[in-house]
Asker: 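Submitted below is the structure of interest, expressed as structure tokens.
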Amino acid sequence: MLHQTRGRITRDNGAAIDALKKRAAEWEVPLTQEAAGFCFHVWNSKATLYPDETGVTIEISSPEHRLLQTLQGSLTELFEECLLCPKWDEVAEGALAPGMSLMQVASVTRRSPGFTRVRLEGHDAERFGGGSYHFRLLIPRKGRPPCWPRIAASGRTVWPEGDDALHRPVYTTVAYGQNWIEFDIFEHKGSPTSAWVAEDPTGRTIGIIGPGGGGCPDSNNLFLFGDETALPAIIRMLQEAPGKVRAFIQARREDLCELAADERVSIVTDLVPALEALELCDGAHVWFAGYADQARAARTYLTSQGLQKRDFTAAAYWN
Ligand SMILES: Cc1cc2nc3c(=O)[nH]c(=O)nc-3n(C[C@H](O)[C@H](O)[C@H](O)COP(=O)(O)OP(=O)(O)OC[C@H]3O[C@@H](n4cnc5c(N)ncnc54)[C@H](O)[C@@H]3O)c2cc1C
């Protein structure tokens, strides 16, 4: 089923279409021109702008309501920057930010010396157990009552600021079932998320937003490289990869838990030299995630070896 909405900008001088073209170029997403309009394609959704003598009509269609609202908010923000105010047929004024869910912290369990596993429960948890592995955890500042992001009358999302600003780190759904998900927090110094979990938030309500980001690459020969922060994603890919998979992990053995006995897994002291030592073969896909400098070095190395963008993933998980 497609979700749809429509909006209108009056007294536009071509500024909306110019802004959309610029955004498509910045985000490297397609903007196609059809007979009567310009189509912007992103997040499996489509926004079409139809110019006429008195303004522009905007039509958005999307397979998911949250993606429709996300695109509606994002376009509103873009057009407002050009001093254009779209008027939408429908705005979910006051609703939680698109894709945001409130969940109960059901349990907090020490999994290994470095990791704590958190289980969240909520009626729409299932959404976070699909092909997009990641979400943002929304943590209110210590001692403040939560103030959640909401959709404003204009259609854009307003995030709390100042003392109410939320900490928004990205985590990975490592396991899921009906009405629950679990994620693993790698503890490190100076981490607000580590401080939050150390207080044992069991029973509290927490916000999460998503899902987003990648999932398991569709390759029959997959090589995974990652540090502790990538371990949950690697656990998922070792379970879900359709073909052969090998993983090289920069972490302490005691933090590998069940993976310590998995023959497909090797511990390495540094990810980049381990990647450089790999004999790359045709048809292989390399997935790499870790510290930003390592991800940059991996991208440079893989490109220098002639790999195309579609043949590898090199993601900065922290910096
Ligand atoms: C797509 C994606 C998925 C991720 N999945 C997970 C996951 O499932 N589990 C997980 O633990 N992490 C995961 N991460 C990494 C996590 O988002 C970062 O480690 C993030 O910095 C944690 O937020 P923070 O509360 O520590 O606060 P921040 O303000 O981001 O960081 C606080 C301080 O900690 C430092 N820091 C951050 N990470 C590390 C680290 N690993 N080691 C040492 N110092 C560090 C920062 O440099 C900063 O100085 C993921 C990241 C991405 C992009």
Side-chain angles (χ1 to χ4, degrees), residues 43 99 103 105 107-120 125 128-142 144 146 159 165-176 180-201 204 206-217 224-240 247-252 254-259 267-272 286-296 298-299 312-319:
W43 310 317
M103 313 279 275
V105 181
S107 62
V108 171
T109 320
R110 167 68 60 187
R111 185 168 147 77
S112 72
F115 280 96
T116 303
R117 181 159 288 192
V118 179
R119 178 184 277 234
L120 302 180
F128 294 88
S132 291
Y133 285 177
H134 313 292
F135 61 87
R136 280 186 188 275
L137 193 59
L138 306 180
I139 307 178
R141 194 163 293 181
K142 193 172 158 58
R144 302 283 301 179
W159 286 83
L166 300 161
H167 183 53
R168 299 191 259 170
V170 181
Y171 282 87
T172 305
T173 301
V174 70
Y176 55 92
W180 63 268
I181 62 166
E182 288 179 341
F183 66 101
D184 290 343
I185 298 172
F186 174 62
E187 291 173 45
H188 53 266
K189 281 207 185 96
S191 162
T193 312
S194 301
W196 171 77
V197 82
E199 281 186 350
D200 188 2
R204 280 195 222 160
I206 192 80
I208 61 174
I209 192 163
C216 186
L224 310 172
F225 293 81
D227 66 8
E228 296 91 345
T229 59
L231 196 53
I234 290 176
I235 292 174
R236 289 279 302 269
M237 286 185 277
L238 285 166
Q239 289 164 358
E240 296 170 14
F248 300 87
I249 302 175
Q250 184 185 313
R252 291 176 298 184
E254 56 271 34
D255 281 329
L256 293 193
C257 300
E258 65 273 15
L259 291 193
I267 294 183
V268 299
T269 46
D270 194 339
L271 293 173
V272 177
V286 177
W287 185 96
F288 187 109
Y291 183 59
D293 286 353
Q294 289 178 314
R296 207 170 300 121
R299 201 172 303 125
F312 71 89
T313 309
Y317 269 25
W318 63 284
N319 56 38

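Counting convention: from 1, in listed order, for ligands and their atoms alike. This chain uses plain numbering: 1 for the first residue, then up along the sequence.
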Asker: Counting only heavy atoms, which portion of Thr172 has something under 4.0 Å from ligand 1: side chain, backbone, both, or neither?
Answerer: both

Asker: One residue to check: Asn319. Relative to ligand 1, which of side chain, backbone, both or neither has a non-hydrogen atom less than 4.0 Å away?
Answerer: backbone

Asker: Is atom 49 (O) of ligand 1 near the protein, in the sense that some protein heavy atom lies at less than 4.0 Å from it?
Answerer: no

Asker: Return the residue, atom name and 0.1 Å-rounded distance of the protein heavy atom closest to atom 39 (C) of ligand 1.
Answerer: Trp318 CE3, 3.2 Å

Asker: At less than 4.0 angstrom from any non-hydrogen atom of Lys189, what atoms of ligand 1 do you find?
Answerer: 34 (O)

Asker: Check this for me, if you would: do Arg111 and Glu182 make a salt bridge, where the nitrogen-to-carboxylate-oxygen distance has to be below 4.0 angstrom?
Answerer: no

Asker: What residue and heavy atom of the protein are closest to atom 16 (C) of ligand 1, and at what distance?
Answerer: Val170 O, 3.6 Å

Asker: Measure the shortest side-chain to side-chain distance between Tyr291 and Gln250 over non-hydrogen atoms and say whether it is less than 4.5 angstrom.
Answerer: no

Asker: Counting only nitrogen or oxygen atoms and a 3.5 angstrom limit, does Gly190 reach ligand 1?
Answerer: no

Asker: Taking only heavy atoms of Thr193, which atoms of ligand 1 are found under 4.0 Å from at least one of them?
Answerer: 23 (O), 24 (P), 25 (O)

Asker: Give me the nearest non-hydrogen protein atom to atom 30 (O) of ligand 1 as residue plus atom name, then the distance to 0.1 Å.
Answerer: His167 CE1, 4.4 Å

Asker: Where is the tightest heavy-atom contact between Ser132 and Gly213, given as atom of each residue plus distance?
Answerer: OG-O, 3.3 Å

Asker: What protein heavy atom sits nearest atom 41 (N) of ligand 1, and how far away is it?
Answerer: Thr229 CG2, 3.3 Å

Asker: Is the backbone of Ser112 close enough, under 3.5 Å, to the side chain of Arg110 for a donor and an acceptor to pair up by distance?
Answerer: yes

Asker: What's the shortest distance from atom 20 (C) of ligand 1 to any protein heavy atom, and which residue and atom give it?
Answerer: Pro169 CB, 4.5 Å

Asker: Show me which atoms of ligand 1 lie under 4.0 Å from any heavy atom of Ile185.
Answerer: 11 (O)

Asker: Applying a heavy-atom cut-off of 4.0 Å, say which part of Asp227 lies close to ligand 1: side chain, backbone, both or neither.
Answerer: neither

Asker: Taking Thr229 for its side chain and Tyr317 for its backbone only, find out whether a donor-acceptor pair lies under 3.5 Å.
Answerer: no

Asker: Run down the list Phe135, Phe115, Phe186, Tyr171 and name the one with the heavy atom closest to atom 12 (N) of ligand 1.
Answerer: Tyr171

Asker: Give yes or no for whether the N/O distance cutoff of 3.5 Å, strictly under, is met between Ser191 and ligand 1.
Answerer: yes

Asker: For a quick test of reading the model, state the closest non-hydrogen atom pair linking Ile139 to Ile206 and the distance between them.
Answerer: CA-CD1, 4.2 Å

Asker: Under a 3.5 Å distance rule, please check whether Arg141 uses its side chain to pair with a backbone N or O of Ala165 as donor and acceptor.
Answerer: no

Asker: Given Ile181 and Tyr171, is the side chain to side chain contact (heavy atoms under 4.5 Å, CB included) satisfied, shown in steps?
Answerer: CA-CA 12 Å; Ile181 62 166; Tyr171 282 87; over 6 Å; no

Asker: Heavy-atom distance to atom 53 (C) of ligand 1: which of Tyr291, Tyr317, Phe183, Trp196 wins?
Answerer: Tyr317

Asker: Where does Pro232 meet ligand 1, judged by heavy-atom distances below 4.0 Å: at the side chain, the backbone, both, or neither?
Answerer: side chain

Asker: Does ligand 1 have an atom under 4.0 Å from some heavy atom of His134?
Answerer: yes

Asker: Give yes or no for whether the N/O distance cutoff of 3.5 Å, strictly under, is met between His188 and ligand 1.
Answerer: yes

Asker: Can you check side chain to side chain contact (heavy atoms under 4.5 Å, CB included) on Trp287 and Ile234, steps first, answer last?
Answerer: CA-CA 9 Å; Trp287 185 96; Ile234 290 176; 3.9 Å; yes

Asker: With side chain to side chain contact (heavy atoms under 4.5 Å, CB included) as the criterion, how do Glu228 and Asp184 come out once you've worked through the C-alpha distance, each side chain's angles and the decisive distance to 0.1 Å?
Answerer: CA-CA 10 Å; Glu228 296 91 345; Asp184 290 343; over 6 Å; no

Asker: Verify, without hydrogens or angle tests, whether Asn319 (side chain) and Ala292 (backbone) share a donor-acceptor contact under 3.5 angstrom.
Answerer: no

